[in-house]
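Below: one structure, written as structure tokens.
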Amino acid sequence: MAGKKFRQIEKKWQERWEKAGWYPAVDFDKKRKKLYVLVEFPYPSGSGLHAGHAFSMTGADVYARKKRMEGYNVLFPMGWDAFGLPTENYAIKTGIHPAKVTAQNTATFRQQMKRMAFSFDWRREINTTDPKYYRWTQWVFLQLFKYGLAYKKKMPINWCPSCKIGLANEEVVNGRCERCGTPVERRELDQWVVSITRYADRLLAGLETTDFVAKVKAAQINWIGKSEGAKIRFPIADREDFLEVFTTRPDTLWGATFMVIAPEHPLVEKIRKIKEIEAYVKQARQKSDLERTDLAREKTGVFSGFYAINPATGKKIPIWISDFVLASYGTGAIMAVPAHDERDHAFAKKYGLPIIPVIQPRQKWDFAKAAYTDVEHGQMINSGPLNGLKPNVAIKKAIAWLEKKGIGEKAVSYHLRDWIFSRQHYWGEPIPMVYCPACAEKGISWWETQEGKAFLEKFQAPSSKFRIPNSNDQDSKQSLAGWFPMAEKDLPLKLPQVERYEPTGTGESPLAAIKGWVATRCLNCGQPARRETDTMPNWAGSDWYYLAYPLAKAISEYDPRQEEKDIFSAHRDLLEYWLPVDVYIGGDEHNTLHLLYSRFIYQFLWDIGVMPRRYPEPYQRRISHGVILGPDGRRMSKSRGNVIIPDKVADKYGVDALRTYLMFMGPFTATMAWNENGLRGIARFLDRWQDYFLRQIKHPASDSQPEAKAALNRLVAKVGADIDRFAYNTALAAMMEFLNASLAEKWRWSRKDISVLIRLLAPFAPYLAEELWEKLGEEGSVHWAPWPKVERRYLQNEMKTVAVQVNGKLRATLELTAEEAKDQEKVVALVKKDPRVAKYLASGQSKKTIFVPGKIVNFVVR
RNA sequence: GCCGCGGUGCUGGAAUUGGUAGACAGGCGAGACUUAAAAUCUCGUGUCCUUCGGGACGUGAGGGUUCGAUUCCCUCCCGCGGCACCA
């Protein structure tokens, strides 16, 4: 065994790499092609680097190292996504400032990553909790505000009674808090909300230009959930009012026999006096999402007392209230067509509402029993102008009819919701907004101030994606009256020192308790005003972090007194050089949220003109890595006691063995269980590799045999191609196979060949490779040595194994030279002499011979 | 229910465009070395039959296309992940 020798070796090379400055990427290098390799940055938790980090980062590192050796100018950076609840909770428990905890944790992570030999460019390290960094997170928010994409709204939010925090829809999993699992309740809070829905179509369209794997694209498309249909206005009987609905089936309008509105629908406010309705609405609104979905089978509802007019049939139809209709989707109201929708059918049956078929199915159908929902088959009936059409044809006709009559039009709806951007916590970016009650009283919004007017003039909305609130949106204007953005030159708005970090539990953030920080002057009128005390969600810091690495130096040196422009505009040339991210490696858990949010923010920045025009998307390729499970095949967790700690493994087997094992376990995208025996196998392989080449180095051959040369070059081709497609497991298998063959055949290698073989191992086992490189007497680091090239001439005259089949069944194999193996006549002649095959050919007559040069010959015999 | 991914020995997995199924590793068995154990090394290891030459079967199930299917097509079953009263 290599014993504990690897510790000294690791220490020795770490010191040298540190001295050499690790692996800097060079801005504007024109000689080499740039390659931006990004792996998701971690949340620096107190427990240090875990097996998942070690796995994904080693995978990224192998790729980065190989590409660097190939001559690319590789940007492979690392940083810390350090705002977050665990640190805040730790601060609550211990009273230690989160910044201090973060500094300790990042120091541990950095040291562990250096030990793991990840070839990051440490000069570009970033930290989302650094005020120099979050100045720009705040800046981005101010742009969202100024361009009308951030608004303030009192809305029912998901409230976690345990964390005492408002959650985004994205953080609610099956009606439970993503973090602690507590069932989520509803609560009304004044929230900052970002209009990501305005970008729904852009986010969909942009996917087409990227090379994301199918899985990731599907997840994003699914999450956005676009559906096309129509909006239809139903007059309310005896009132000067309309009820607007969204439907994907306008063809079934003639069959709409009642309507249903959500308990939160505005119309409900006008009719709450009736006791029964009051009671129903009250209990429905209190229900958590979990309860609402749990009750999915049994629908409940109450008649509102109002009627609408079906604009197609002119009939009076009742309006019901039920919580199966969601306020947050479509218009919060639906037209119910019980004959052709399962939910409507169930509701109609329960409350005895009429079911009128408007599609005649081909087969016999009992409409009292079930709804008929097929769009492909059947014929429209009872539907005036649509009669006789197939439903999917009728949809288009119905929309045209609605538009002609002026009672509806084509419309699109999304599952994607606007993004709740407020958190009631301390350890996050402060939202740099000031609220002035006096200005709010007068209804003054920022866009009416001198500054705001100047902004609007300068930045005429570049496209319709922007909703500038003071155009004609009264609601937004109202909600934003009195809110003023901080001056950009005054950023960052730093977090104040606090005694206690507990959330207040009233829905306010701990910042609200710091009177001296909250109190300020109105930026418009100078009257006493107060700061926003909510902070930003975790996603805010990671939305643009891939832009921060190219700009890292500029960010740390930025001086608002010297610089007029924002950091992105001021250093456009850096972004031009490095963008887009060529390969983005991350986990499946971020395929919807983080990926969608960061694409959205990028598109927004692109739209306002601060990103390079050439790159409308931030990430070219997305690779989602797999998961390492515990030895018991289950997710690692402290409570199960199945956690593997990379540092401990490295202590026992060395970093090289750990890295190489992680890459050998299986495909980079797979979910695999940890197996210490497998790790021992890898340690054995590395020991054998080391022993073998130390011997070879001592007694190098002047040249190697042709077969050996062929094997070597085959290996170079295989390893190179496999690393490019992230098939690290097969690259390593090929190296093992090669070593086995080398030993069995007693091949001997020249110094040049040995150097090739050390380089092939370098991305996987950086320490061992470096050590062998030195022993070989090479100058400099193996990690900056050129990646070996395949020498084709050695592959020309290889022996080929040709499979001989009769009727597709393997009967023999032949060892032939490449030349012979290509010659059909020769191969057939040889085969016919072979007794193993001849007996099959003798019995019947040969109908046909299939020949694949160098590979296979197949005799078809009757 | 919808969307996506997958199902190959005892286990993790391999098989670039349809062309020798089970590479490589682990585990297990036998042997060598050793006073012994560990470590290391060598050989064997899909199932069944065998006159030891070889033969039959075999990639979730059934069918199809093909000279040839783990790979392509159809139907079904199972597992994993995501979404879900989404109008």
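Model, not experiment: these values are computed from the prediction. So that the names make sense, note that chain A is the first sequence line, chain B the second, and so on, each numbered from 1. Only heavy atoms go into these numbers, but all of them, side chains included; no hydrogens, no water, no symmetry mates.
Rounded to whole Å, the C1' atom of B:C72 lies 24 Å from the corresponding atom of B:A23. Going from the P atom of B:U45 to that of B:A39 covers 23 Å, rounded to whole Å. The gap from the C1' atom of B:C52 to that of B:G9 amounts to 24 Å, rounded to the nearest Å. Here, B:U8 and B:G44 have their P atoms 26 Å apart, quoted to the whole Å. Comparing B:C48 with B:G64, their C1' atoms sit 29 Å apart, to the nearest whole Å. Comparing B:C85 with B:G13, their C1' atoms sit 42 Å apart, to the nearest whole Å. Straight-line distance between the C1' atoms of B:A25 and B:G81: roughly 27 Å, to the nearest whole Å. Atom name P, nucleotides B:C77 and B:A30: the rounded distance is 46 Å, in whole Å.
Counting only heavy atoms from C-beta on, A:Arg417 has its side chain closest to B:C86 among B:C85, B:C86, B:A23. Of the candidates B:U20, B:A87, B:G27, the closest approach to any side-chain atom of A:Asn677 belongs to B:G27. Listed candidates were B:U17, B:A87, B:C24. Nearest to the side chain of A:Ile334 is B:A87.
With sequence neighbours excluded, no residue forms a ring pair (Phe, Tyr, Trp, His ring centres under 6.0 Å) with A:Phe664. Every residue two or more places apart in sequence or in another chain was checked for a side chain to side chain donor-acceptor pair (under 3.5 Å) with A:Glu737, and none qualifies. In terms of the side chain to side chain donor-acceptor pair (under 3.5 Å) criterion, A:Lys396 has no residue partners (sequence neighbours excluded). Annotation: ring pair (Phe, Tyr, Trp, His ring centres under 6.0 Å) contacts of A:Phe55 (sequence neighbours excluded): A:Phe668. Scored by the ring pair (Phe, Tyr, Trp, His ring centres under 6.0 Å) test, A:Tyr372 finds A:Trp365 as partners (sequence neighbours excluded). For A:Lys231, there are no side chain to side chain donor-acceptor pair (under 3.5 Å) partners, not counting sequence neighbours. Residues passing the side chain to side chain donor-acceptor pair (under 3.5 Å) test with A:Thr817 are A:Glu820, sequence neighbours excluded. Scored by the ring pair (Phe, Tyr, Trp, His ring centres under 6.0 Å) test, A:Tyr351 finds A:Trp320, A:Phe347 as partners (sequence neighbours excluded).
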Exercise. How is the base pairing of RNA chain B summarised as a dot-bracket string, given the Watson-Crick and G-U wobble criteria with both distances under 3.5 Å, [ ] for crossing and | for another strand?
Worked result: (((((((..(((......[....)))((((((.......))))))((((....))))..(((((..]....))))))))))))....

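In this structure, the side chains of A:Leu814 and A:Val857 stay at 4.5 Å or more apart for every pair of heavy atoms.
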Where do N or O atoms of nucleotides 5-14 of chain B meet protein N or O atoms at under 3.5 Å, pair by pair?
residue, atom, partner, partner atom, Å
B:G12, O2', A:Met665, O, 2.9
B:A14, OP1, A:Asn729, ND2, 3.2

I'd like a list of close polar pairs between nucleotides 47-55 of chain B and the protein, N/O only, cut-off under 3.5 Å.
residue, atom, partner, partner atom, Å
B:G55, OP1, A:Tyr840, OH, 2.8

Give each protein N/O atom lying under 3.5 Å from an N/O atom of nucleotides 40-44 of chain B, with the pair distance.
residue, atom, partner, partner atom, Å
B:U40, OP1, A:Arg684, NH1, 3.3
B:U40, OP2, A:Arg684, NH1, 3.4

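Using bins of under 30°, 30° to 60° and over 60° for the plane-to-plane angle, the ring pair A:Phe693/A:Trp689 lands in the tilted bin.
Dashed line: the shortest gap from a side-chain N or O of A:Asn858 to OP1 or OP2 of B:G68 is not under 4.0 Å.
Mapped onto RNA chain B by nearest heavy atom, A:Ala219 and A:Arg343 fall at different nucleotides, with A:Ala219 at the one closer to the 5' end.
Nucleic acid contact class of A:Ser413 (heavy atoms, under 4.0 Å, all strands): none. Counting any heavy atom pair closer than 4.0 Å across all strands shown, A:Asn740 reaches sugar-phosphate atoms only and no base atom.
An anti base is found at B:G58: its glycosidic angle is more than 90° from 0.
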